[in-house]
Protein chains: 2
Amino acid sequence: MHPLIQHIQKLTSGFEIAEEPILSFFETKDFKKKDILQEEGKRCSSYFFVVKGCLRLFFTDINGVEQTMQFALENWWITDLNAFRSGRKSAYTIQALEETEVLAITAANYELMLAELPIAEKYFRLVYERAYAASLLRIQMISRMPKPEFYELFQSRYPEFIQRIPQKVLASFLGFTPEYLSELRKNIAKRKSNP
Amino acid sequence: MHPLIQHIQKLTSGFEIAEEPILSFFETKDFKKKDILQEEGKRCSSYFFVVKGCLRLFFTDINGVEQTMQFALENWWITDLNAFRSGRKSAYTIQALEETEVLAITAANYELMLAELPIAEKYFRLVYERAYAASLLRIQMISRMPKPEFYELFQSRYPEFIQRIPQKVLASFLGFTPEYLSELRKNIAKRKSNP
DNA sequence: TTTATTTCTTAAACCAGCTTAAGTTTTGCG
DNA sequence: CGCAAAACTTAAGCTGGTTTAAGAAATAAA
């Protein structure tokens, strides 16, 4: 069974779903490491579901530094949601951090699917409900927690990110400089050897 | 027509809705300024839709400082979403900043309503889709923008907040100290008189 | 395997925003 | 109204985290 269908069944807790009618709204695409899926400033045409691999969404700030705002591992959705919803140009670039397989859906097909399949409304309601709740927790961690504590919490909760993602990119996602992340890691390592 | 029904029609762009079957899932409640709607550590029983007035959601940090994470003005939903979804105890307090009228719905009724009314799935899908997108922008403003710039942007986008909300609470929501907010305001005022 | 490029580390100097502390203004209440 | 409590302001001193700069290690290219 396709990973998307599995994910839908998991979230909607076991509704009977026919695979074919859902998947017909999507197109499978493969990307190599460093490939660009969506370019900043270009029309945002697709919403991506990661089947295998890892993507990141970032923009380039006024100092020319790439600011990574989101990751997407397996079973995550990713796009510039504001641009996708409004049909405007994307404020972000989406890039593959690994060899990645996605399902892509256009805005037109997204609307069609939601109109035709009630299960899609339920599924996306649940996807956004969780994503919104997670996003609020992220705000709390980013803005109300000492950075060393935040990093250690992140490390314990999302160990797979630490493994798979370059430090420079991870530092940017967490909202600090690579130099500072390097220092944090050194301190943590030191503390573990000298208890 | 009730403000909630108006809001549903606005988001779902004009579906015909019968008022009575929807409102029957809710209870109207009124609160005075400073009343507590939800206490930290108590079971999170309700989800609130603000009909009139203003609420805030906060927790008390290890230094005893109240950290305001969210506001809700007219037509906003507010609760500890994680606690409401899972039936666990709330990590936050919800308090009225003004005299406030809400519609309250229990977790059981929320599930019932979603199961019985397809329009509710669509409506909440859209509510969360917007809230999630807004939350991502908020992360970007909080963590990737110089604070003076962030404050001025916030001021221009949400002038009604600046009017209605005590500075101390606003400072906490923005993630800085009241003293620093005071200094920012002074600098902005100075800049406006000396152009 | 050698060379070029990018990533990661280290450490010193610096600064935005916090802490502290004291004064002023506003709000709430008897 | 009059007083207490809370909210806001101001300013000096401090600190967590950035900037800058240079070198070491890993990846990629050739």
Side-chain angles (χ1 to χ4, degrees), chain A residues 32-36 54 56 58 60-68 95-99 141-155 161-193, chain B residues 31-35 54 56 58 60-68 95-99 141-155 161-193:
Chain A
K32 291 203 294 286
K33 195 171 172 171
K34 295 196 178 169
D35 279 359
I36 303 295
C54 178
R56 69 165 178 143
F58 68 93
T60 302
D61 70 17
I62 43 166
N63 305 312
V65 178
E66 291 179 358
Q67 298 283 350
T68 297
Q95 185 186 35
L97 288 173
E98 305 172 357
E99 191 168 24
M141 296 195 295
I142 287 179
S143 65
R144 309 301 156 101
M145 201 176 267
K147 302 215 170 198
E149 201 178 321
F150 172 33
Y151 176 67
E152 293 205 70
L153 180 61
F154 184 84
Q155 196 180 30
F161 280 74
I162 311 281
Q163 311 301 319
R164 289 169 75 168
I165 290 167
Q167 273 188 50
K168 184 189 168 175
V169 174
L170 184 65
S172 165
F173 175 74
L174 296 173
F176 30 84
T177 60
E179 294 81 1
Y180 181 63
L181 175 56
S182 193
E183 200 175 306
L184 279 186
R185 287 164 49 86
K186 187 177 62 170
N187 293 343
I188 291 169
K190 196 193 296 175
R191 221 178 46 216
K192 281 194 178 151
S193 60
Chain B
F31 297 94
K32 291 201 294 284
K33 195 171 174 173
K34 296 196 179 169
D35 279 358
C54 179
R56 69 165 176 144
F58 68 92
T60 303
D61 71 16
I62 42 166
N63 305 312
V65 178
E66 290 179 0
Q67 299 284 349
T68 298
Q95 185 185 35
L97 288 173
E98 306 172 354
E99 190 167 26
M141 296 194 296
I142 286 179
S143 66
R144 310 302 156 100
M145 199 172 266
K147 303 215 171 204
E149 201 177 320
F150 171 34
Y151 176 67
E152 292 205 69
L153 181 60
F154 183 85
Q155 198 180 29
F161 281 75
I162 311 279
Q163 310 302 320
R164 290 171 74 168
I165 290 169
Q167 273 186 53
K168 183 187 170 177
V169 174
L170 184 65
S172 164
F173 176 75
L174 296 172
F176 30 85
T177 59
E179 293 82 1
Y180 182 62
L181 176 54
S182 191
E183 200 176 307
L184 280 185
R185 286 165 50 87
K186 187 178 61 174
N187 293 342
I188 291 169
K190 197 193 296 174
R191 223 181 44 220
K192 280 195 179 151
S193 60

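Keep in mind the model is a prediction, meaning the values are calculated, not measured. Per chain, numbering begins at 1; letters A, B, ... match sequence-line order.
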Item to complete: Considering only NZ, NE, NH1 and NH2 on the basic side and carboxylate oxygens on the acidic side, decide whether A:Glu149 and A:Arg144 come within less than 4.0 Å.
Response: no
Discussion item. Rounding to an integer number of Å, can you tell me how far B:Leu181 CG sits from D:dC8 C1'?
Written reply: 10 Å
Item to complete: Could you work out which one of D:dG17, D:dC8, D:dT10 sits closest to the side chain of B:Lys186?
Response: D:dT10
Worksheet item: Checking all strands, does B:Glu179 fall into the base, sugar-phosphate, or nothing category for heavy-atom contacts under 4.0 angstrom?
Response: base
Discussion item. Which nucleotide wins on minimum distance to the side chain of B:Ser182, given the candidates C:dT9, D:dA11, D:dT9?
Written reply: D:dT9
Worksheet entry | Whichever of B:Glu183 and A:Val169 has its nearest DNA chain C nucleotide further upstream toward 5' | A:Val169
Discussion item. Looking at B:Lys147, I'd like to know whether one of its side-chain N or O atoms comes within less than 4.0 Å of OP1 or OP2 on C:dG17.
Written reply: no
Worksheet entry | Atom-pair distance (CD on A:Gln67; P on D:dT18), nearest Å | 11 Å
Discussion item. Keeping A:Asn63 on the side-chain end and A:Val65 on the backbone end, is there a donor-acceptor pair under 3.5 Å?
Written reply: no
Worksheet item: With a cut-off of 6.0 Å (strictly less than), are more than 12 heavy atoms of other residues, nucleotides or ligands near CD of A:Glu99?
Response: no
Item to complete: Look at B:Tyr180 and C:dC18 and indicate whether a side-chain polar atom (N or O) is within less than 4.0 Å of OP1 or OP2.
Response: no
Response to the item:
To the nearest angstrom, the NZ-P distance between A:Lys190 and C:dT9 comes to 14 Å
Discussion item. Does the plane of the ring in A:Phe161 sit parallel, tilted or perpendicular to the ring in A:Phe173? Use 30° and 60° as the thresholds.
Written reply: parallel
Worksheet item: A:Ile188 CD1 to C:dT9 P: how many Å, rounded?
Response: 12 Å
Worksheet entry | Integer-rounded Å distance: C:dA16 P and B:Leu184 CG | 12 Å
Worksheet item: In whole angstrom, what separates B:Ile162's CD1 from D:dC8's C1'?
Response: 15 Å
Worksheet item: How many Å lie between CD on B:Glu149 and P on C:dG17, as a whole number?
Response: 11 Å
Worksheet item: Once you round it to whole Å, what is the distance between C1' of C:dG17 and CZ of B:Phe150?
Response: 14 Å
Worksheet entry | Carboxylate-amine/guanidinium proximity below 4.0 Å for A:Lys34 and A:Glu98 | no
Worksheet item: Does the side chain of A:Thr177 get closer than 4.0 angstrom to OP1 or OP2 of D:dG17 through an N or O atom?
Response: no
Fill in: Sugar-phosphate only, base, or nothing, as touched by B:Lys33 at under 4.0 Å among non-hydrogen atoms
sugar-phosphate
Fill in: Nearest-nucleotide comparison on DNA chain C, the residue closer to the 5′ end among B:Phe176 and A:Pro178
A:Pro178
